[in-house]
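Hydrogens, waters and symmetry mates are skipped; everything else that's a heavy atom, side chains included, is used.
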Amino acid sequence: AQLLYQSGKKAKASAFLEQSLVNAPNNKRMRLQYARFLADSDLEGAHQQLSILSQQYPNDPELIYSLALASKGLKKHDEAVELFTQLTRYPRTAYAAHYELGLLAEENNNIEAVLVHYRQVHSGSKFLPAAVRLSRFMTNHDQLDDARLYLQKLRLDHPQQASALYQIESELLAEQQLLREAYDMLSKAILREPNNIQLLYTRSLLSERQNDFARSEQDLRTILQQDANNAMALNALGYTLTVHTDRYEEAHKLILRALELNPGDPATIDSLGWVSYRLGKYDEAIKYLRDALSKLPDPEVAAHLGEVLWVTGQHDEAMSIWKKVLANDPDNSTILETMERLTNGITGQ
């Protein structure tokens with residue numbers, strides 16, 4: 001069955017297992033594999049198979065967890081809540097189950113249940129996602145100060161996760177446009193871990209948002225001193241130099257190196273297209289930006305491609321690209337600013 005499935009004959013693989021289960025209805029491994037095959041295209045069918053398994057093996061938390069996820073996917077809310085609640089009694093699945101219960105409570109805007117369940121995630125792979133979701137939920141309900149107190153308590157209780165929790169709080173503040181406070185929060189974390197690449201990178205982005213390009217460059221170069229082949233930092237530094245300085249040749253080299261290390265990355269291809277435009281290499285710029293937009297249909301990439309097309313006289317295509325973005329997002333400031341700047345008021349026509 002696995003060979004059939006891997007060769008692309010998924011329907012035959014499922015049919016083969018279905019027939020085999022007629023002769024071996026209690027074969028756990030075979031029925032579980034059948035459920036996994038069905039999950040790709042027939043979640044209801046997978047749910048039925050998992051229900052059979054959970055009846056055959058009522059004390060297997062992994063099976064119950066899989067059934068709970070299938071119930072959630074099928075919008076069987078009450079059943080999913082019941083199953084995840086059952087899983088909170090098993091040490092191996094308790095934290096993940098509380099996290100899923102928190103997600104379900106969010107869907108119903110059940111504030112009390114959200115607070116209870118996310119707070120029960122004390123460790124494991126869902127610990128940080130729970131901290132993110134609970135702090136954002138509280139902030140969205142006008143409880144920013146409470147969210148910050150919650151994150152501060154987590155740092156005290158889980159010092160090994162302090163840096164990640166500092167970053168979560170800084171991102172929360174940045175989302176509320178409290179950029180100075182977010183910067184200061186990251187700086188505290190960097191004092192604890194001066195070589196933490198993720199913290200340095202995030203602080204560089206905050207510096208750029210505050211128009212402090214020198215500090216942004218400083219943090220990115222600190223990263224590159226530790227890891228000269230960090231493609232993320234190379235691209236970010238190259239793009240920052242492109243947008244905020246006239247050091248285009250230096251930026252071009254940095255971005256080319258980033259693309260060598262991370263070939264095919266659409267964000268880096270967009271950067272390469274934009275710096276090529278700044279260098280006056282319009283044909284190259286259009287080629288790269290078309291490629292980037294095909295891989296990443298992002299408004300900023302669309303704005304870049306449209307601008308180069310406009311400057312090279314291809315006004316109809318530029319306008320078509322911009323209008324396609326505005327059809328889905330009429331108030332997109334990146335596109336509107338680009339159009340206004342280049343068309344000198346045509347946006348109102």
Side-chain angles (χ1 to χ4, degrees), residues 171 174-175 177 179 201-202 204-213 216-217 220 230-349:
E171 290 172 358
E175 287 167 8
Q177 302 304 312
L179 302 184
Y201 182 77
T202 306
S204 77
L205 298 180
L206 278 173
S207 295
E208 185 183 16
R209 287 179 64 182
Q210 296 176 89
N211 298 319
D212 191 343
F213 310 123
S216 179
E217 179 178 353
L220 291 171
N230 189 299
M232 179 176 68
L234 286 164
N235 179 50
L237 181 55
Y239 187 75
T240 297
L241 294 178
T242 301
V243 174
H244 301 296
T245 76
D246 58 1
R247 293 151 61 188
Y248 304 137
E249 292 290 352
E250 181 183 358
H252 188 254
K253 290 177 183 176
L254 289 164
I255 295 166
L256 276 177
R257 179 59 181 152
L259 195 59
E260 286 175 12
L261 293 163
N262 193 12
D265 176 58
T268 310
I269 296 170
D270 171 59
S271 298
L272 189 54
W274 198 235
V275 76
S276 298
Y277 168 56
R278 294 296 194 195
L279 287 166
K281 301 175 181 179
Y282 295 154
D283 290 342
E284 268 187 40
I286 291 171
K287 181 187 74 169
Y288 289 128
L289 292 169
R290 285 193 197 282
D291 187 21
L293 190 61
S294 70
K295 292 181 167 73
L296 179 67
D298 179 83
E300 186 169 354
V301 181
H304 287 165
L305 177 56
E307 178 159 345
V308 184
L309 290 168
W310 186 272
V311 167
T312 55
Q314 301 173 68
H315 293 181
D316 290 344
E317 186 180 358
M319 196 64 74
S320 174
I321 289 168
W322 292 331
K323 286 182 175 178
K324 192 178 293 184
V325 175
L326 293 176
N328 297 318
D329 185 5
D331 299 320
N332 188 279
S333 59
T334 301
I335 296 294
L336 291 174
E337 183 279 327
T338 301
M339 292 176 71
E340 179 68 25
R341 175 166 48 82
L342 293 173
T343 64
N344 192 27
I346 287 179
T347 54
Q349 294 184 4

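Taking a cutoff of 4.0 Å between a charged side-chain nitrogen and a carboxylate oxygen, Lys287 and Glu284 do not qualify as a salt bridge. Using a 4.0 Å cut-off between a side-chain N of Lys or Arg and a carboxylate O of Asp or Glu, Lys253 and Glu249 do not qualify as a salt bridge.
Here Thr268 pairs with Asp265 under the side-chain hydrogen bond (donor to acceptor under 3.5 Å, both in side chains) rule; sequence neighbours left out. With sequence neighbours excluded, no residue forms a side-chain hydrogen bond (donor to acceptor under 3.5 Å, both in side chains) with His315. With sequence neighbours excluded, no residue forms a side-chain hydrogen bond (donor to acceptor under 3.5 Å, both in side chains) with Lys281.
No side-chain heavy atom of Asp329 sits less than 4.5 Å from a side-chain heavy atom of Leu326. The closest side-chain heavy-atom distance from Arg209 to Gln177 is below 4.5 Å. Side-chain contact check for Met319 versus Thr343: some heavy-atom pair is nearer than 4.5 Å. When side chains are defined from C-beta on, Thr240 does not count as touching Glu217, because their heavy atoms never get closer than 4.5 Å. Side-chain contact check for Leu293 versus Ile321: some heavy-atom pair is nearer than 4.5 Å. Side-chain contact between Asp246 and Tyr248: present, with at least one pair of heavy atoms (C-beta onward) separated by less than 4.5 Å. Between Tyr288 and Ser276, the closest side-chain pair of non-hydrogen atoms falls below 4.5 Å. Contact annotation: the side chain of Leu261 approaches that of Leu234 to within less than 4.5 Å [non-hydrogen atoms, C-beta and beyond].
One distance of note links OH of Tyr239 with CG of Leu272; it measures 13.0 Å at 0.5 Å rounding.
Pairing each heavy atom of Ile335 with each of Pro299, the nearest pair is CD1-O, 3.4 Å. The two atoms that bring Glu300 and Thr334 nearest to each other are CA-CG2, 4.1 Å, heavy atoms only. For the residue pair Gly306 and Ala318, the shortest heavy atom distance occurs at O-CB, 3.3 Å. The two residues Ala251 and Gly238 make their nearest non-hydrogen contact at CB-O, 3.2 Å. Listed here is the closest heavy atom pair of Leu206 and Ala174: CD2-CB, 3.9 Å.
Below 30°, between 30° and 60°, or above 60°: for Trp274 and His304 the angle between ring planes is below 30°, a parallel geometry.
For Ser216 (side chain) and Asp212 (main-chain N/O), no donor-acceptor pair under 3.5 Å exists by modelled atom type.
Remark: the Glu208 side chain and the His244 side chain contain an N/O donor-acceptor pair separated by less than 3.5 Å.
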